[in-house]
Novice: 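Pasting in a structure now, in structure tokens, and then I'll have a few things to ask.
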Amino acid sequence: MAHVASTQAQVRQQHYSVPQPMPWPIMGSTSLFLMALGAAFVFNDMRAGWVSIAAGFVLLLYMMVRWFGEVIRESEGGRYGRWEDVSFRWGMSFFIFSEVMFFGAFFGALFWARVYSVPDLATLESQALLWSGFSAHWPSAGPGFAEQFSPMSAWGIPALNTLLLLSSGVTVTFAHWNLIANQRGKLLLWLAATVALGVTFICFQAYEYIHAYHELNLKLSTGVYGSTFFMLTGFHGFHVTLGAIMLTVIWFRCLKGHFKPDHHFAFEGVAWYWHFVDVVWLGLFIFVYWL
Amino acid sequence: MSAVADTHGHAHDAHGHHGGYSGIMRWITTTNHKDIGTMYLWFSFVMFSIGGLMAVMIRMELFSPGLQFFNPEFFNQLTTMHGLIMVFGAIMPVFVGFANWLIPMQIGAPDMAFARLNNWSFWLLPFAASLLVLSFFMPGGAPGVGWTMYAPLTAQMGMGMDFTIFAIHILGMSSILGSINIITTILNMRAPGMTLMKMPLFCWTWLITAYLLVAVMPVLAGAVTMTLTDRHFGTTFFNAAGGGDPVLYQHIFWFFGHPEVYIIALPGFGVISQVIPAFSRKPLFGYASMVYATSAIAILSFIVWAHHMYTVGMPVTGQLFFMYATTLIAVPTGVKVFNWVTTMWKGSLTFETPMLFACGFLFMFTLGGFTGLVLALVPVDIQLQDTYYVVAHFHYVMVAGALFAAFAGIYFWLPKWTGKMYNETLGKIHFWLTMIFFNMIFFVQHFLGLAGMPRRIPDYNLMFETWNKISSLGAFGMGLAQLLFLYIVVSCIRNGKPAAQLPWEGADSLEWTHLPTPAPYHSFETPPVVK
């Protein structure tokens with residue numbers, strides 16, 4: 001019998017599940033087209049564009065609910081075995097890698113401004129020809145920015161946020177362990193804790209933005225410091241929001257009894273994503289807030 | 001061969017009910033890698049025609065000195081959109097079309113790993129392309145900033161610029177999703193026994209290309225996002241008054257832009273690496289060194305980007321570093337060229353159309369590589385920056401490199417795809433017309449550039465007239481020759497003679513040896529065993 005079991009393990013799964021045609025992809029393209037069109041109009045002061053954006057967004061939500069719903073049904077119906085699972089793992093890894101590179105562009109801009117462009121604007125040549133009296137320092141809003149602003153300090157809310165996100169990385173791991181041990185109650189509890197930490201983070205971040213705009217006079221348009229600060233933290237916050245929504249979906253799926261101790265890539269994929277936003281935050285905390 | 005018979009039976013099944021969709025909905029909803037590959041190929045031909053039309057308009061304007069047909073603003077829009085459409089709409093999709101058709105068949109997979117995502121990767125393209133082309137009809141017209149979209153020019157354009165930015169976002173999404181799919185397919189879907197080092201070289205070059213795409217398309221997305229916020233939300237990434245720097249844009253753009261050159265070229269290398277052995281009736285010389293050379297090119301492509309910007313005021317140390325790194329790329333590229341030539345050495349050569357295009361590729365692409373080495377040298381580049389010499393150089397790489405490889409691949413696999421043979425005589429005529437007219441357009445542009453004619457300008461000094469006339473006549477001829485190509489392909493599909501099971505006796509990858517001609521709708525539902 002042992003022999004039979006081992007040969008069975010060696011035989012590779014023979015059929016890869018190639019899905020049936022579906023209309024959702026083109027709906028996704030249509031929605032992106034509508035949103036892009038609308039945004040281009042709105043950015044150029046044509047308010048009618050909002051209609052297009054709204055239509056596109058509704059379509060996008062509908063598309064995601066239907067598409068993901070179909071995949072979830074297939075997954076729970078047992079259509080995805082080990083072979084498909086490995087595909088999902090590769091796919092998610094490279095998706096996260098592409099996200100890392102996206103943040104890389106903005107970190108690159110930050111380092112360029114700090115190491116190169118701001119100091120360069122204070123060299124003798126720039127002083128003589130362009131902006132006399134500009135001295136290089138960070139944070140800087142550049143030589144053309146007249147108003148005063150205060151930079152965001154690292155050891156208030158940002159430090160607290162670091163603690164929140166790092167803890168949420170731990171809680172999501174506890175949730176994972178409980179999923180593997182088939183302890184559904186604890187799984188739901190730890191996952192809920194993760195979502196709660198994430199939502200608290202987002203709320204703190206929103207409060208921080210209000211604080212920046214109203215009390216520090218720190219805006220998106222506050223030179224290169226404001227640009228890099230808000231674009232980096234903004235895109236990160238957007239990713240945390242997405243991650244929190246995904247975790248919430250996973251929570252409801254756990255509640256409905258989805259996933260098995262040995263088959264739950266949706267959970268793991270979201271956990272990977274959550275760790276990814278965590279790591280990006282560490283980069284932000286160090287290079288945007290702290291140093 | 002049982003797998004073949006098996007899949008053939010299923011093929012009829014599947015033809016009956018394409019998941020319940022028929023007519024146009026079949027194409028819109030399809031999850032079949034061959035359907036999607038076909039759509040990619042036709043889409044890229046449509047974009048190639050639109051971009052080609054713009055090229056002909058550019059050459060019309062440049063036929064004589066002075067302003068003939070278009071005002072300078074519109075001329076700039078033409079050069080910009082010609083570049084964007086050819087790069088993102090024609091050359092990149094044509095090779096994704098090849099990837100879709102061939103990778104599952106070459107590695108013995110049932111389909112791509114993510115068949116629905118594959119559909120989405122394609123269907124994002126027509127929408128993005130529409131945004132791009134629609135920008136012509138917006139107030140202010142299409143962006144006239146050059147395909148590189150440098151700041152601060154991009155701060156000044158009208159709404160068309162925003163259309164272009166969003167088009168780039170969506171094109172980038174398409175590329176990233178498509179690349180993730182290709183990587184996963186190659187890493188996870190290979191048939192038992194098909195080890196990585198047994199894969200046809202086309203799969204290898206695409207694996208590496210897809211990796212490059214996932215690494216750099218998000219960076220381009222970041223660059224155009226910063227452009228967008230600089231335009232509309234008061235950020236100052238590229239504005240020195242706010243502490244930013246226009247040169248920063250160039251760095252970010254070319255960090256994407258240089259790997260992009262290899263994204264365009266590498267799949268073509270893969271095609272050539274399969275066509276040349278087939279018509280030399282010899283295995284590829286130095287398979288392993290080809291794989292390593294391709295990887296080396298990909299790695300080096302990340303550290304050479306600033307050779308596009310020697311004249312921005314870079315420190316000499318930076319210039320030297322990027323010059324040495326760039327010239328280093330000649331080593332793995334040289335390995336490739338020597339391997340191709342050595343494959344032909346003492347082979348039983350025949351010169352059908354695919355082989356003619358492959359040989360054309362070999363000569364012309366190598367010329368483009370040599371002018372690239374010339375331009376990599378800082379002192380020379382400072383003289384040649386933004387002249388027609390640069391235009392000639394990259395068209396030798398893009399057209400004679402990538403496009404010729406695409407033609408070689410299309411003629412090579414057309415019998416496998418359609419089950420019919422194209423007209424060999426017409427194919428050869430198409431090659432020779434393309435070859436002659438291509439050189440007529442671009443060879444003379446080397447002289448124009450060396451004499452100092454700047455690019456992206458609708459008017460020029462009288463002394464440049466003769467070469468410009470020759471170049472323009474070549475462009476008109478090249479355009480007409482592509483109509484012949486369309487005719488050859490359509491008449492092959494409609495009433496070509498049935499192709500033999502193995503039309504090229506030297507071809508030895510799985511799609512030729514393990515599948516009937518034409519390839520069935522579903523390739524390998526159960527994986528073949530590869531020895």
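Convention: sequence-line order gives letters A, B, ...; per-chain numbering from 1.
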Novice: Is chain B contacted by the side chain of A:A39, its backbone, both, or neither, given a heavy-atom distance below 4.5 Å?
Specialist: both
Novice: Establish, yes or no, whether a centroid distance under 6.0 Å links the rings of B:W120 and A:W67.
Specialist: yes
Novice: Can you say whether B:M161 sits under 4.5 Å from chain A via the side chain, the backbone, both, or neither, judging by heavy atoms?
Specialist: neither
Novice: At a 4.5 Å cut-off on heavy atoms, which part of B:H251 comes close to chain A: side chain, backbone, both, or neither?
Specialist: side chain
Novice: Between A:M63 and chain B, which part of the residue has a heavy atom less than 4.5 Å away: side chain, backbone, both or neither?
Specialist: side chain
Novice: Select one option (side chain, backbone, both, neither) describing which atoms of A:A109 are under 4.5 Å from chain B's heavy atoms.
Specialist: both
Novice: Taking all non-hydrogen atoms of both residues, which atom of B:A240 and which atom of A:P143 are closest, and how far apart?
Specialist: O-CD, 3.5 Å
Novice: Using heavy-atom distances under 4.5 Å, tell me whether A:T222 contacts chain B through its side chain, its backbone, both, or neither.
Specialist: neither
Novice: What part of A:M231 lies closer than 4.5 angstrom to a heavy atom of chain B: side chain, backbone, both or neither?
Specialist: side chain
Novice: Check whether B:L134 gets within reach of chain A through its side chain, its backbone, both or neither, counting any heavy atom under 4.5 Å.
Specialist: side chain
Novice: What closest approach, in Å, do B:V214 and A:S98 show between heavy atoms, and which atom pair accounts for it?
Specialist: CG1-CB, 3.6 Å
Novice: Are there over 12 heavy-atom neighbours, none belonging to A:H214, within less than 6.0 Å of that residue's NE2?
Specialist: no
Novice: Taking B:T235 for the side chain and A:S221 for the main chain, is one N or O donor matched with an acceptor at less than 3.5 Å?
Specialist: no
Novice: Under a 4.5 Å heavy-atom cut-off, does chain B meet the side chain of A:F103, its backbone, both or neither?
Specialist: neither
Novice: With only heavy atoms counted, which part of B:L124 is less than 4.5 Å from chain A, the side chain, the backbone, both or neither?
Specialist: both
Novice: Is A:M46 close to chain B through its backbone or its side chain, or both, or neither, when contacts mean heavy atoms under 4.5 Å?
Specialist: side chain
Novice: Select one option (side chain, backbone, both, neither) describing which atoms of A:T228 are under 4.5 Å from chain B's heavy atoms.
Specialist: both
Novice: Under a 4.5 Å heavy-atom cut-off, does chain B meet the side chain of A:F230, its backbone, both or neither?
Specialist: neither
Novice: Work out which heavy atom in A:S87 is nearest to a heavy atom in B:A113; give both atom names and the distance.
Specialist: OG-CB, 3.8 Å
Novice: Specify which of B:I252, B:T229, B:V247, B:N181 makes the most heavy-atom pairs with chain A at under 4.5 Å.
Specialist: B:T229
Novice: Taking the ring centre of each residue, are B:F233 and A:F43 less than 6.0 Å apart?
Specialist: yes
Novice: Verify side chain to side chain contact (heavy atoms under 4.5 Å, CB included) between A:Q20 and B:T31, making sure each step is shown before the conclusion.
Specialist: CA-CA 7 Å; A:Q20 289 301 304; B:T31 48; 5.8 Å; no
Novice: Tell me, for B:L220 versus chain A, whether the close heavy atoms (under 4.5 Å) come from the side chain, the backbone, both or neither.
Specialist: neither
Novice: What about A:F97 and B:Y211, are their ring centers closer than 6.0 Å?
Specialist: yes
Novice: Taking atom CZ of A:F94 and atom CD1 of B:I176, what is their separation to the nearest 0.5 Å?
Specialist: 13.0 Å
Novice: Does the pair A:W112 and B:D245 meet the rule for a side chain to side chain contact (heavy atoms under 4.5 Å, CB included), with working shown?
Specialist: CA-CA 9 Å; A:W112 183 265; B:D245 190 349; 3.1 Å; yes
Novice: Is A:L121 close to chain B through its backbone or its side chain, or both, or neither, when contacts mean heavy atoms under 4.5 Å?
Specialist: side chain
Novice: Chain B heavy atoms under 4.5 Å from A:V18: which part of the residue, side chain, backbone, both or neither?
Specialist: side chain
Novice: Can you tell me how far apart CG (A:D45) and NE2 (B:H232) are? Round to the nearest 0.5 Å.
Specialist: 9.0 Å
